[in-house]
Q: 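My structure is below; once you've seen it, I'll send some questions.
Just so you know, ligand 1 is whichever comes first in the structure, and atom 1 is the first atom listed for that ligand.
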Amino acid sequence: MQAYRAALLSFHDDGSARYEPDGLLVVGPDAAGRKVIRAAGAHAALAGNYPGVHVTHLPGRILAPGFIDLHLHFPQTDVIGSPAEGLLPWLEDYTFPHESRFSDHAHAVAMADVFLDELLRNGVTTALTFCTSHPHSVDALLEESERRGLRMIAGKVLQDRHSPDGVRDETEQSLLDTEALIRRWQGRARLGYAITPRFAPSCTEAQLRGAGELAARYPDVWIQSHVAENRDEIRWVHQLFPHARSYLSVYEDFGLLRERAIYAHCIHIDDTDRALLRASGAAAAVSPTSNLFLGSGFFDYEAARRAGFRYGLASDVGGGTSFSPFHTMLAAYYVGREGQTKIGVSLAPQDLWWQHTAGAAQALGLEGVIGNLRPGCEADFVVLDPQATPLLARKTAHARNLDELLFSMIVLGDDRVVEQVAVDGVITSRRKAAAA
Ligand code: GUN
Ligand code: ZN
């Protein structure tokens, strides 16, 4: 067993945060031999229960759950910051050409290393990520994730139409490949597979039907796609699927709305769609830096809360502009203020942080497994330095309560705040991860 003494940030079931200024986090095997968090709470209350256990003292540091990125694209690491009029030209001009390079296995392997280094540098310990349409892009990413002991979920993109040579796949083969990848990766080590139709316009009905059949046959497997991101995209969906009630209902019609289905964006949806998300157990991956960068629109937090469906935060790299959860949380705050409703909401710092940790875990159906510092959770956590920069040190020194402390880091923080990352109980120094 190992223990860490520092401030602790965790979450209650209602999403509110719990902060222990002088805490103890104890990591060790559970009854089944899995390495988990055995205890988390006040140092004074817990220390006596663990005589002989080595305690690493981290004064001035905060231990917090590793961040969870609910939606991004591993092959778009180099696409960040590519300017375009909007989603569809951005896909044609930058994204598809970049993704076609992943037909080269060696390129995919090299980029897996870069991508995972970048996630870890930013304190992200779990991500639900798109790969490319090339099946070996999944192998490249998940082999490296397994080597690093990470909990990652990934899928081969399905796109058998309206896609250029180099990324377009073939209907029947794409479904055979998907099933082979499910069998190879779902439940191996800490890894999971996600059935990944790129978005309705890039998939024939036969491909969507096949994806839905696989989703029914493998209920533990995740589903990931995009929906209602951009107005031109939505017009296109209405032309392609004239009988569908809405863009989201296209996915419902093919059996692709269920628990463990995560839909990026969910911006231009109505209350019937929101009720559908809630009833099906599907979740939204809110991707604010992407939505601001591509001019897609604003996720409606008020309406989401009223409807009661699950949602959490995502970077959507490379439409998104940053791997940093701090940047994503700040962008979500802007979106909340400027959102679709006239009033706008001021999202609480605790709520923003929850959306990127325990809330995201809940969206994935992994509550109690990741995203929190609670007994029984896997030991993926970050060591944060609230004095990482001179301005942040000034600001956090004056914080009068938890929301002020968290908001200082959300507004001024980036990868410099993430001093160390623990993956499955093993601390990797930030510098080592960067050099790996
Ligand atoms: N819709 C279809 N493909 C993509 C993608 O790669 N990124 C984003 N943001 N939206 C998409
Ligand atoms: Zn995306």
Q: Is any side-chain N of the basic residue among Asp165 and Arg168 closer than 4.0 Å to the acidic one's carboxylate O?
A: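 Judged by the 4.0 Å cut-off on N to carboxylate O distance, Asp165 and Arg168 do form a salt bridge.
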Q: Please write down residue, atom name and distance for the protein heavy atom closest to atom 4 (C) of ligand 1.
A: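 Residue, atom and distance for the closest contact: His226 CE1, 3.4 Å.
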Q: Hey, can you tell me if His73 and His226 have their rings parallel, tilted or perpendicular (30° and 60° cut-offs)?
A: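 Ring orientation of His73 relative to His226: parallel.
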Q: Looking at atom 3 (N) of ligand 1, what's its closest protein heavy atom, distance included?
A: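 That would be Arg198 NE, 2.9 Å.
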Q: To the nearest 0.5 Å, what is the distance between OG1 on Thr196 and CG on Leu128?
A: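 Here the rounded value is 7.5 Å.
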Q: Which part of Glu233 is near ligand 1, with near meaning a heavy atom under 4.0 Å away: side chain, backbone, both or neither?
A: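 No part of Glu233 is near ligand 1 at this cut-off.
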Q: What is the ring orientation for His136 with His105, classed by angle as parallel under 30°, tilted 30 to 60°, or perpendicular over 60°?
A: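 Perpendicular.
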Q: Using a 4.0 Å cutoff against the non-hydrogen atoms of Phe199, which atoms of ligand 1 qualify?
A: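 In order of number, 1 (N), 2 (C).
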Q: Please verify the inter-ring angle class for Phe309 with Phe299; under 30° counts as parallel, over 60° as perpendicular, anything in between as tilted.
A: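 The arrangement is perpendicular - the two ring planes meet at more than 60°.
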Q: What atoms in ligand 1 come closer than 4.0 Å to a heavy atom of His265?
A: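 Those atoms are 9 (N).
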Q: Could an N or O of ligand 1 be found under 3.5 Å from any N or O of Glu99, whether backbone or side chain?
A: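 Not met; the criterion fails.
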Q: What verdict does the side chain to side chain contact (heavy atoms under 4.5 Å, CB included) test give for Arg305 and Tyr311, after you've listed the backbone C-alpha separation in whole Å, the side-chain angles of each residue and the deciding distance to 0.1 Å?
A: CA-CA 9 Å; Arg305 276 187 195 155; Tyr311 57 85; 3.7 Å; yes
Q: Tell me if the CD atom of Glu172 is crowded by more than 12 foreign heavy atoms within 6.0 Å.
A: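 Not more than 12 within 6.0 Å, no.
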Q: Going by heavy-atom distance to atom 7 (N) of ligand 1, choose the closest among Trp90, Phe130, Phe293.
A: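 Selected option, by shortest heavy-atom distance: Trp90.
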Q: Using a strict 4.0 Å cut-off to heavy atoms of Leu87, name the atoms of ligand 1 that fall inside it.
A: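 Counting atoms of ligand 1 from 1, those under 4.0 Å from Leu87 are 8 (C), 10 (N), 11 (C).
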Q: So which of the N, O or S atoms of His226 lies nearest the Zn ion (ligand 2)?
A: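 Among the N, O or S atoms of His226, the one closest to the Zn ion (ligand 2) is NE2.
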Q: Between the side chains of Asp169 and Gln173, is a donor N or O closer than 3.5 angstrom to an acceptor N or O?
A: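 Gln173 and Asp169 do not have a side-chain donor-acceptor pair below 3.5 Å.
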Q: Tell me, which N, O or S atom in His73 is closest to the Zn ion (ligand 2)?
A: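 Checking each N, O and S atom of His73, the shortest distance to the Zn ion (ligand 2) belongs to NE2.
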Q: Would you call the rings of Trp236 and His162 parallel, tilted or perpendicular if under 30° counts as parallel and over 60° as perpendicular?
A: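 Rings of Trp236 and His162: tilted, 30 to 60°.
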Q: Please confirm whether Thr95 comes within less than 3.5 Å of ligand 1 when only nitrogen or oxygen atoms on both sides are compared.
A: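 There is no such contact.
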Q: Could you find the nearest protein heavy atom to atom 10 (N) of ligand 1 and give me its residue, atom name and distance?
A: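 Minimum-distance protein heavy atom for atom 10 (N) of ligand 1 reads Glu229 OE1, 2.7 Å.
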Q: Counting heavy atoms only, which of Asn230, Val317, Leu91, Asp316 is nearest atom 9 (N) of ligand 1?
A: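 The residue whose heavy atom sits nearest atom 9 (N) of ligand 1 is Asp316.
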Q: Below 2.8 Å, any N, O or S contact between Asp316 and the Zn ion (ligand 2)?
A: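 Given the 2.8 Å cut-off, Asp316 counts as a ligand of the Zn ion (ligand 2).
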Q: Looking only at heavy atoms of Gln76, does any of them come nearer than 4.0 Å to an atom of ligand 1?
A: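 The answer is yes, since Gln76 has a heavy atom less than 4.0 Å from ligand 1.
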Q: Testing the 3.5 Å rule here: is there a donor-acceptor pair between the side chains of Asp78 and His98?
A: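 Short answer, no.
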